[in-house]
Undergrad: 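Here it is, the structure in full.
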Amino acid sequence: MTRRRVGILGGMGPEATILLQQRVLATVRAVDDADHIPLLIDMNPQVPSRIAHLIEGTGADPGPVLAAMARRLEAAGASALAMPCNTAHHYAPDIEAAVSIPFLNMIDLSVGRAMCHLNKGASIGILASPAVRLAGVFDAPLERAGLMALWPEDAGRMLDAIRTIKAEGPTPETRRTLEDAAEDLASRGAAHLFVACSEFSLIADALPGAVPATDTVDVLADAIHDHTFTNWS
């Protein structure tokens, strides 16, 4: 029997890609290796910095590199593509234009899941890199769903936390940053939270729990599971 293989555009960052693998692993009830989900992974930490390109305006465009990765994964046999970096979804059109297989868009899927539980006009607090806001990654999906975005007020502190996690891994200070941001968003009316940075997914257990939260990496893991086990023979 063969199962459809999802190709992962990885390396943004490496630990986030490994986290996605762990989350995919957790979606399967397995008694043997063969029960698990096959993946094709292009682990490319040399993708140009999304922050440098979107925030600082000094870096190379990651779009062509991501498109090349997508083509390689399709040529290797991927039947769909996925990418655990929220910010890099700004370049989803480059990926989609490069291949003939579907792209499991983590942003669209997460908004779709949230709208099943929220009323029109509800606000979602987005725990993400400032680049996600500047690039408007969530703007169109939220507008289509009739939902509003709330953003942490201290964008600099969020960016510092992301850079710290990339360099040092989770720390007590980065956990405090995420907890403080979540509490701030809740106090300003967020009915739901998105953990929308894969570095923050590594410390999502720091969330206070007063407001329901969706981790976009979990949503993507579920989508990979569903794609793999649909129409396989």
Side-chain angles (χ1 to χ4, degrees), residues 12-13 15-27 50-51 55 84-89 106-139 141-143 145-223:
M12 303 165 280
E15 196 167 6
T17 307
I18 294 168
L19 178 67
L20 175 63
Q21 291 176 259
Q22 293 171 333
R23 300 284 176 88
V24 170
L25 191 76
T27 68
R50 285 68 60 204
I51 289 173
I55 295 181
C85 177
N86 291 266
T87 307
H89 276 68
M106 179 165 64
I107 308 302
D108 291 344
L109 291 165
S110 297
V111 173
R113 179 177 292 188
M115 68 183 292
C116 295
H117 308 288
L118 297 173
N119 296 322
K120 293 278 187 180
S123 293
I124 295 180
I126 302 181
L127 298 160
S129 163
V132 170
R133 182 177 187 177
L134 289 172
V137 171
F138 279 91
D139 289 357
L142 287 174
E143 183 176 359
L147 301 171
M148 307 290 289
L150 282 177
W151 299 89
E153 292 187 328
D154 193 342
R157 188 180 178 195
M158 301 295 282
L159 184 57
D160 287 345
I162 292 167
R163 286 174 164 158
T164 297
I165 294 169
K166 284 181 178 292
E168 304 174 21
T171 66
E173 179 57 34
T174 57
R175 290 178 182 277
R176 282 192 294 273
T177 295
L178 190 65
E179 181 180 8
D180 290 348
E183 290 177 347
D184 168 64
L185 291 167
S187 71
R188 289 160 49 209
H192 199 89
L193 299 174
F194 277 164
V195 181
C197 172
S198 45
E199 275 69 44
F200 290 148
S201 295
L202 295 166
I203 57 171
D205 60 338
L207 293 177
V211 176
T214 295
D215 189 329
T216 59
V217 172
D218 286 333
V219 175
L220 186 58
D222 289 342

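These figures come from a predicted structure and were not determined experimentally.
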Undergrad: Of all residues at least two apart in sequence or in a different chain, which pass the side-chain hydrogen bond (donor to acceptor under 3.5 Å, both in side chains) check with D184?
TA: R188

Undergrad: For R23, check salt bridge (charged side-chain N to carboxylate O under 4.0 Å, His left out) against everything at least two apart and list the hits.
TA: D215, D218

Undergrad: Tell me, do T27 and D222 make a side-chain contact under 4.5 Å, heavy atoms counted?
TA: yes

Undergrad: Once side-chain hydrogen bond (donor to acceptor under 3.5 Å, both in side chains) is applied, do any residues pair with D205, and if so which ones, sequence neighbours excluded?
TA: R175

Undergrad: Check whether any side-chain N or O of H89 sits under 3.5 Å from a backbone N or O of M106 as a donor-acceptor pair, and report yes or no.
TA: yes

Undergrad: For residues A196 and A128, report the shortest heavy-atom separation together with the two atoms involved.
TA: O-CB, 3.5 Å

Undergrad: Which atom names give the shortest non-hydrogen contact between L207 and A182, and what distance separates them?
TA: CD2-CB, 3.8 Å

Undergrad: Should I51 and S129 be marked as a side chain to side chain contact (heavy atoms under 4.5 Å, CB included) after you check the CA-CA gap, both sets of side-chain angles, and the distance that decides it?
TA: CA-CA 8 Å; I51 289 173; S129 163; 4.3 Å; yes

Undergrad: Can you tell if the side chain of I124 reaches within under 4.5 Å of the side chain of L118, non-hydrogen atoms only?
TA: yes

Undergrad: How many angstroms lie between CD1 in I126 and NE2 in H192, if you round to the nearest 0.5 Å?
TA: 10.5 Å

Undergrad: State whether E179 and R176 are salt-bridged, where the test is any N-O pair (Lys NZ or Arg NE/NH1/NH2 against Asp/Glu carboxylate O) under 4.0 Å.
TA: no

Undergrad: Going by side-chain contact (heavy atoms from CB on, under 4.5 Å), I203 matches just one of T171, T174, T177. Which one?
TA: T174

Undergrad: Check L178 against A204 and note the closest heavy-atom contact, atom names and distance.
TA: CD2-CA, 4.3 Å

Undergrad: With a 4.5 Å heavy-atom cut-off, do T214 and V219 have their side chains touching?
TA: yes

Undergrad: Which residue pairs pass the salt bridge (charged side-chain N to carboxylate O under 4.0 Å, His left out) test with at least one member in residues 120-129, sequence neighbours excluded?
TA: none

Undergrad: With sequence neighbours excluded, tell me which residues meet side-chain hydrogen bond (donor to acceptor under 3.5 Å, both in side chains) with S110.
TA: none

Undergrad: Before you tell me yes or no, could you show the steps for M115 and L147 under side chain to side chain contact (heavy atoms under 4.5 Å, CB included), namely the whole-Å CA-CA distance, both residues' side-chain angles and the distance that decides it to 0.1 Å?
TA: CA-CA 8 Å; M115 68 183 292; L147 301 171; 4.1 Å; yes

Undergrad: From D180 CG over to E153 CD, what is the distance, rounded to the nearest 0.5 angstrom?
TA: 12.0 Å

Undergrad: What I'd like to find out is whether the side chain of M12 reaches to under 4.5 Å of the side chain of R50, using heavy atoms alone.
TA: yes

Undergrad: Considering non-hydrogen atoms only, spot the tightest contact between A186 and V211 and give its length.
TA: CB-CG2, 3.4 Å

Undergrad: Can you measure from CD1 (I165) to OG (S201) and round to the nearest 0.5 angstrom?
TA: 9.5 Å

Undergrad: Taking the side chain as everything from C-beta on, heavy atoms only, tell me whether P130 gets closer than 4.5 Å to I55.
TA: yes

Undergrad: For the atom pair CD (E173) and CD (E168), what is the distance rounded to the nearest 0.5 Å?
TA: 11.0 Å

Undergrad: Can you list everything that forms a side-chain contact (heavy atoms from CB on, under 4.5 Å) with D154? Sequence neighbours excluded, please.
TA: R157

Undergrad: What are the two closest heavy atoms between S198 and C85, and how far apart are they?
TA: OG-CA, 4.3 Å

Undergrad: Can you check side chain to side chain contact (heavy atoms under 4.5 Å, CB included) on L127 and L185, steps first, answer last?
TA: CA-CA 9 Å; L127 298 160; L185 291 167; 3.7 Å; yes

Undergrad: For the pair T216 (side chain) and V195 (backbone), establish whether a donor and an acceptor sit closer than 3.5 Å, ignoring hydrogens and angles.
TA: yes

Undergrad: Nearest 0.5 Å, please: how far is CG in L19 from CG in L25?
TA: 11.5 Å

Undergrad: Which pair of non-hydrogen atoms, one from I107 and one from P141, has the smallest distance, and what is that distance?
TA: CG2-CG, 4.0 Å

Undergrad: Given L202 and E15, is the side chain to side chain contact (heavy atoms under 4.5 Å, CB included) satisfied, shown in steps?
TA: CA-CA 9 Å; L202 295 166; E15 196 167 6; 3.9 Å; yes

